[in-house]
Amino acid sequence: MHDIKILLRRSGVATLALLAAGAAHAHPGHDAQGLVDGFLHPFSGFDHLLAMAAVGVWSAAALPAGRRLAGPAVFLAMLLLGAALPQVGLMLPGLEAAVAVSVVALGALMVAARHPAARLPVPAGLALVGMAATMHGMAHGAELAPGQSFAGYAAGFMAASALLHGAGLTAGGWLQRSRGWAWRATAAFVGVSGLAMLAGRL
C-alpha cells in the first residue's frame with residue numbers, strides 16, 4: 001500500500017508538470033469553423049474537460065436526486081451566453097487566467113460537496129457554476145473565425161459539453177459509492193490542475 005501511495009504521488013507530480021508546461025497554449029488559434037470544430041473545441045483544452053466533468057460530478061453529490069440536471073443546465077445556458085459575447089465585441093481581459101481560476105473554484109466546490117459544514121447552498125453553488133460557464137463560453141466564442149456561422153459552431157460545442165456533463169454525472173455517482181479518498185483525490189486533482197494552469201498563464 002505504501003508503494004502504491006508513492007507511485008500515485010509521483011504520477012501526480014508528473015501530470016501537474018505536464019499541465020503547467022502546456023497551460024499557456026490551452027486554446028491555439030482563432031480559426032474554428034462550424035459544427036465539427038465546435039464539437040471538438042471542448043476537447044481541445046484540459047481546462048474545458050475538467051470544468052465540464054467537474055460540474056457533473058458536483059451535481060451528483062450536491063443536488064437532490066430529482067434536480068441533478070440543474071448544474072449542467074445552468075452551465076450550458078451560461079456557456080451559450082458567454083460564447084455569444086465575443087460575437088458582439090465583448091471580451092474579458094485576462095480570460096485565460098479567469099478560465100483557470102474557474103477550474104480551481106469548481107475543484108473547491110467538489111471538496112465542499114462532501115463536507116456538510118462547508119457545503120454551499122444550492123443557489124450559491126449554481127451561481128458559481130454559471131460564472132465558470134460564462135468564462136468558458138467566452139473562450140469558446142473567441143475561437144470562432146470571422147464570418148463563420150455561430151449557430152453551427154454553438155450547436156457543436158453545446159453537444160460536446162452535454163456529453164462531458166453526462167460523463168461527470170456518471171463518474172460522480174460512482175465516486176459517491178466509493179471510498180472517501182477517491183472523491184478527495186478527484187477533487188484535489190481538479191483544483192491543483194487549475195492552479196497549475198493558472199501558474200502557466202500569469
Side-chain angles (χ1 to χ4, degrees), residues 15-16 18-20 22-28 32 38-63 68-86 92 94-113 120 122 124-143 153-154 156-172 175 183 185-202:
T15 300
L16 292 176
L18 288 172
L19 286 171
H25 305 287
H27 307 111
F39 185 83
L40 294 176
H41 194 262
F43 299 99
S44 68
F46 199 51
D47 47 8
H48 295 318
L49 285 169
L50 284 179
M52 293 173 196
V55 168
V57 172
W58 171 77
S59 298
L63 301 181
R68 285 178 182 161
L69 293 180
V74 167
F75 192 99
L76 289 172
M78 298 307 294
L79 182 74
L80 184 60
L81 175 63
L85 296 178
L92 181 72
L95 179 60
E96 290 294 327
V99 167
V101 169
S102 78
V103 176
V104 178
L106 290 172
L109 200 60
M110 286 175 59
V111 171
L120 287 178
V122 169
L126 291 174
L128 193 153
V129 165
M131 287 187 286
T134 304
M135 302 300 102
H136 286 264
M138 292 182 75
H140 285 330
E143 299 299 316
Y153 178 61
F157 69 68
M158 292 287 282
S161 299
L163 286 176
L164 289 169
H165 287 320
L169 282 167
T170 300
L175 287 168
W183 181 279
T186 302
F189 178 74
V190 173
V192 177
S193 295
L195 288 173
M197 294 174 195
L198 180 61
R201 298 175 187 185
L202 293 178

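Along the sequence shown, residues are numbered consecutively beginning with 1.
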Over all atoms of both residues, closest heavy-atom pair of [X] and [Y]:
{"X": "Ser193", "Y": "Phe46", "answer": "OG-CE2, 4.4 Å"}
{"X": "Gly172", "Y": "Trp183", "answer": "O-CZ3, 4.1 Å"}
{"X": "Leu95", "Y": "Ala139", "answer": "CD2-N, 3.6 Å"}
{"X": "Ala98", "Y": "Leu92", "answer": "CB-CD2, 4.0 Å"}

### Query
Within the distance-only criterion (no hydrogens, no angle test), does the side chain of Arg201 pair as donor or acceptor with the backbone N or O of Ala97 below 3.5 angstrom?
no
Applied to residues 157-172, the side chain to side chain donor-acceptor pair (under 3.5 Å) test, sequence neighbours excluded, yields none
Here the side chain to side chain donor-acceptor pair (under 3.5 Å) pairs for residues 49-62, sequence neighbours left out, are none
Which residues pass the side chain to side chain contact (heavy atoms under 4.5 Å, CB included) test with [X], sequence neighbours left out?
{"X": "Ala60", "result": "Leu169"}
{"X": "Ala112", "result": "Ala118"}
{"X": "Ala171", "result": "Val57"}

Could you tabulate the donor-acceptor pairs under 3.5 Å formed by side-chain atoms of residues 99-111, not counting sequence neighbours?
{"from": "Ser102", "atom 1": "OG", "to": "Val99", "atom 2": "O", "distance (Å)": "2.5"}
{"from": "Ser102", "atom 1": "OG", "to": "His136", "atom 2": "NE2", "distance (Å)": "2.8"}

Only pairs under 3.5 Å count here: list side-chain donor-acceptor contacts from residues 75-86, not counting sequence neighbours, and write none if there are none.
none

Worksheet item: Is any side-chain heavy atom of His48 less than 4.5 Å from a side-chain heavy atom of Phe43?
Response: no
So do the side chains of Pro42 and Leu164 get within less than 4.5 Å of each other, counting heavy atoms only? yes
Value for CG (Leu63) from CG (Leu126), rounded to nearest 0.5 Å, stands at 6.0 Å
When rounded to the nearest 0.5 Å, the distance separating CG of Asp47 from CE of Met135 is 13.0 Å
Discussion item. Taking the ring centre of each residue, are Phe157 and His140 less than 6.0 Å apart?
Written reply: yes
